Enquirer: 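Attaching a single structure in C-alpha cells format; questions to follow.
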Amino acid sequence: GIQVEQSPPDLILQEGANSTLRCNFSDSVNNLQWFHQNPWGQLINLFYIPSGTKQNGRLSATTVATERYSLLYISSSQTTDSGVYFCAVSPKGANSKLTFGKGITLSVRP
Amino acid sequence: EAGVAQSPRYKIIEKRQSVAFWCNPISGHATLYWYQQILGQGPKLLIQFQNNGVVDDSQLPKDRFSAERLKGVDSTLKIQPAKLEDSAVYLCASSLQRDQPQHFGDGTRLSIL
C-alpha cells in the first residue's frame with residue numbers, strides 16, 4: 001500500500017516562531033489532507049490539498065504532486081497550535097480511504 | 001453546518017463484553033468511514049460505506065467487529081466480544097462523496113479492563 005512519511009517526528013518551538021512540517025508519499029494521490037489533533041483528541045481538518053497551495057490565516061500548505069510531497073507552514077506559532085499534525089492520503093485508482101502518517105508532535109512554549 | 005456526531009464519548013467495559021458506537025454524519029454526506037486510532041498512532045480505516053453499501057472492510061476484524069448503515073445515514077459499529085487490544089479511540093468521518101474532504105467526529109474513547 002501507499003507509504004506516508006512525516007518529518008520531523010517532534011518539534012519544539014518558542015511562541016512566535018515559524019515552522020515547516022513535511023509529508024512524503026510513495027504514490028500518486030487523489031486526496032491529501034492535513035489534520036491537527038488537539039490535546040483533547042479532536043481531529044481538525046486543516047487543508048484538503050491534493051495539489052497546489054492554500055492559505056488559511058497563519059497556516060498555509062503546498063503540495064507538489066509530481067514530486068510526491070506536501071508542506072505545512074505555521075507562522076507566528078501560538079501555544080494553541082500544540083498537538084499532533086497528521087498528513088493523510090488516498091492513492092489514485094483505489095477507494096478513498098485515507099492512509100495516515102505517524103504524525104508530528106508540536107509543542108509551542110510560551 | 002452541524003459536524004459529525006458520535007456517542008458515547010467514553011466507554012469502559014470488561015474484556016469479552018460487547019459495546020456499540022453510534023455515528024451521525026454531516027447531512028447529505030454519502031460516504032461514511034469508521035477509523036480506529038490506537039494511542040500514539042495515526043487512525044486506521046476499519047470500514048467504509050457509500051450510502052448504505054460497504055465499499056471496503058478489508059481491515060475490519062470480522063470475527064468480532066460489525067457495522068451497519070441501514071438507511072444510508074447514521075451508522076453503528078459493534079464489538080462482540082471485546083479484547084484488551086481493542087482499547088482505542090473509534091473515529092467516524094464523512095465526506096460528500098469519495099475523494100472529497102473527510103470530516104471527523106470527536107470519537108469514542110474505549111477502555112477495556
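All values below were derived from every heavy atom in this structure, side-chain atoms included, with hydrogens, water molecules and symmetry-related copies excluded. To find a chain, count down the sequence lines: A is the first, B the second, and so on, and within it residues start at 1. Only a predicted model underlies this, so the values are computations on that prediction, with no experimental measurement involved.
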Enquirer: Hydrophobic cluster membership, with links at side-chain heavy-atom distances under 4.5 Å among I/L/V/M/F/W/Y: are A/I74 and A/V108 in one?
Expert: yes
Enquirer: Looking at B/L39, I want to see if its CG is surrounded by more than 12 non-hydrogen atoms of other residues, nucleotides or ligands under 6.0 Å.
Expert: no
Enquirer: Honestly curious: do B/W22 and B/W34 fall in one hydrophobic cluster under the side-chain, below-4.5 Å linking rule?
Expert: no
Enquirer: Roughly how far apart are B/F104 CZ and A/Q37 CD, rounded to 0.5 Å?
Expert: 9.5 Å
Enquirer: For B/Q100 and A/N31, work out which heavy atoms get closest and say how close.
Expert: O-ND2, 3.8 Å
Enquirer: Indicate yes or no for a side-chain donor-acceptor contact from B/Y33 to the backbone of A/L98 under 3.5 Å, with no hydrogens or angles considered.
Expert: no
Enquirer: With clusters defined by side-chain heavy atoms of hydrophobic residues (ILVMFWY) lying less than 4.5 Å apart, directly or transitively, does B/V4 cluster with B/L96?
Expert: no
Enquirer: Considering all heavy atoms of both residues, which atom of B/L45 and which atom of A/K97 are nearest to each other, and what is their separation?
Expert: CD2-CB, 3.2 Å
Enquirer: Surrounding CZ of A/R22 (heavy atoms of other residues, nucleotides or ligands, distance under 6.0 Å), is the total greater than 12?
Expert: yes
Enquirer: Chain A heavy atoms under 4.5 Å from B/Q37: which part of the residue, side chain, backbone, both or neither?
Expert: side chain
Enquirer: Counting heavy-atom pairs closer than 4.5 Å to chain A, which one of B/G42, B/S95, B/P101, B/G105 comes out on top?
Expert: B/P101
Enquirer: For B/Q59, is it the side chain, the backbone, both or neither that has a heavy atom under 4.5 Å from a heavy atom of chain A?
Expert: side chain
Enquirer: Linking I/L/V/M/F/W/Y whenever their side-chain heavy atoms sit closer than 4.5 Å, directly or via other members, would B/V89 and B/L110 fall into one cluster?
Expert: no
Enquirer: Give, as side chain, backbone, both or neither, the part of A/F35 having an atom under 4.5 angstrom from any heavy atom of chain B.
Expert: side chain
Enquirer: Relative to chain A, which segment of B/Q102 carries a heavy atom at a distance below 4.5 Å: side chain, backbone, both, or neither?
Expert: both
Enquirer: For a quick check under 3.5 Å, do B/D99 and A/N30 share a side-chain donor-acceptor pair by atom type?
Expert: yes
Enquirer: Starting from B/L91, can I reach A/Y85 by hopping between I/L/V/M/F/W/Y residues whose side chains sit under 4.5 Å apart?
Expert: no
